[in-house]
Amino acid sequence: MLKGKKIILGISGGIAAYKTPQLVRLLKKAGAEVRVALSAGGSRFVSELSLATVSGEPVYREIFPETGIPGMDFTRHISLGEWADILVIAPATANTLARLAAGLCDDMLTACFLTLRPGKSVLIYPAMDGQMYRSASVQRNIAMLKNQGCTIIEPENGDLASGQCGTGRMPEPETIASRIGIVLPDSQYDSPLKGKHVVVTAGPTREKIDGVRFISNYSSGKMGFALAEAAKERGAKVTLITGPVHLQTPEGVERLDVENACEMYAEAKRIYHSCSVFIAAAAVADYRPDTVYDGKLKKQNVEMQLRMVRNPDILAEFGAVKQSGQLAVGFALETDDGVENARKKLREKNLDLIACNTFDRKTSGFEVDTNVLTLIDRNLEETALPLMRKTEAARQLLDYIERLMDSEQ
Ligand SMILES: Cc1cc2nc3c(=O)[nH]c(=O)nc-3n(C[C@H](O)[C@H](O)[C@H](O)COP(=O)(O)O)c2cc1C
């Protein structure tokens, strides 16, 4: 994917800059040509010598060249930007975001941004303290850069250099490198998902008891949203059917909001026939109260019993009606005998792939940003993925789906 691609890596002065020599190494290993534009702030966090050594190129900093050096390119402040296929800025500090949004040109990093040829991509990874990231000024600058067509990747949640925990972390170099391959214009990367319709269900469902109460679960929708975004990045047409969550819709994804299992079933059923891949990541309630009371149920001085009835099994039904060429992918969250139960579910629901979700409140399962998945395919082949961010787990799951699609052709 990256072979022969010309990448400028802009590094500004955030603590995450320490990860960048590793990123340069990964990009070079993948066959890319990498030149580094380092801001003055960036040079306080990572050494120019390390970056020059791993990239095999001089590091670009000041706009003004030193005179008297034989062969010096005196217009390099223009030519470097013209050279590139993509400009990746990681980490992007609050300061550098402001400089980019304002159109300043006071170092080689900002000069590259202004001189990049039309149609070339800019991928920006803001990384900073969570409070700083949420500030109105930073958000305004991000919105301006998005409007100009830059791809801004929201920082991850986790431990920050400040010692606090929050949103502000730069993703790991492996994650950034794989994203660059996908975002690159005229990239050779041709996913079998390109142009295909992928349906993802996400989030919890709410099963009403009365006008003000419901039965639900802790699902946050993060895994499903990450899958929808990753499928979109690979060129799929994505429909995301989601229960009530507090997440932003990934760009370019069609979102259908539902509240309960029956509504999710109705939406899914409408598009069973048109989708190539159906990924059921939602935590759909198995049961709902038989009767939903109008208004608020009054407290009584006696015990109360709720009669529950089965909800439709959205994935099992898709598995039963799917045609050849359509793939059914499920999730199994189990507290006991996870893999064994996931295998059973795979067989019973006629699935092509199932991701068994290990339940551990701190690192995997509901609400958290990370997950530990074991993938089991229709041949009962097992792949255990290590602990990783849901965004990365989503990409690995889609890689697997792509391999299944390729093997069908
Ligand atoms: C220890 C330390 C860590 C910093 N980490 C960050 C950071 O992660 N993100 C950020 O936006 N600014 C951070 N800053 C502030 C920037 O370094 C500062 O705004 C600098 O002017 C950025 O310059 P540049 O954007 O030109 O590289 C940090 C400063 C210090 C002293």
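Residues: numbered from 1 along the sequence shown. Note that ligands are numbered from 1 as they come in the structure, with each ligand's atoms numbered from 1 the same way.
- Ring orientation note: the planes of Y265 and Y272 are nearly perpendicular, at an angle over 60° on the 30°/60° scale.
- At a threshold of 4.0 Å, the pair R61-D107 does not count as salt-bridged, since none of the basic side-chain nitrogens sits closer than that to a carboxylate oxygen.
- Taking a heavy-atom cut-off of under 4.0 Å, ligand 1 is surrounded by S12, G13, G14, I15, S39, G41, G42, F45, T93, A94, N95, T96, R99, A127, M128, M132.
- Contact check on K208 versus E263 returns no salt bridge, with no Lys/Arg side-chain nitrogen under 4.0 Å from an Asp/Glu carboxylate oxygen.
- Salt bridge present: E402 and R234 bring a charged side-chain N and a carboxylate O closer than 4.0 Å.
- A salt bridge is defined here as a Lys NZ or Arg NE, NH1 or NH2 lying under 4.0 Å from an Asp or Glu carboxylate O, and K349 with D313 meets this definition.
- Between the side chains of R140 and S137, not a single donor N or O lies within less than 3.5 Å of an accepting N or O.
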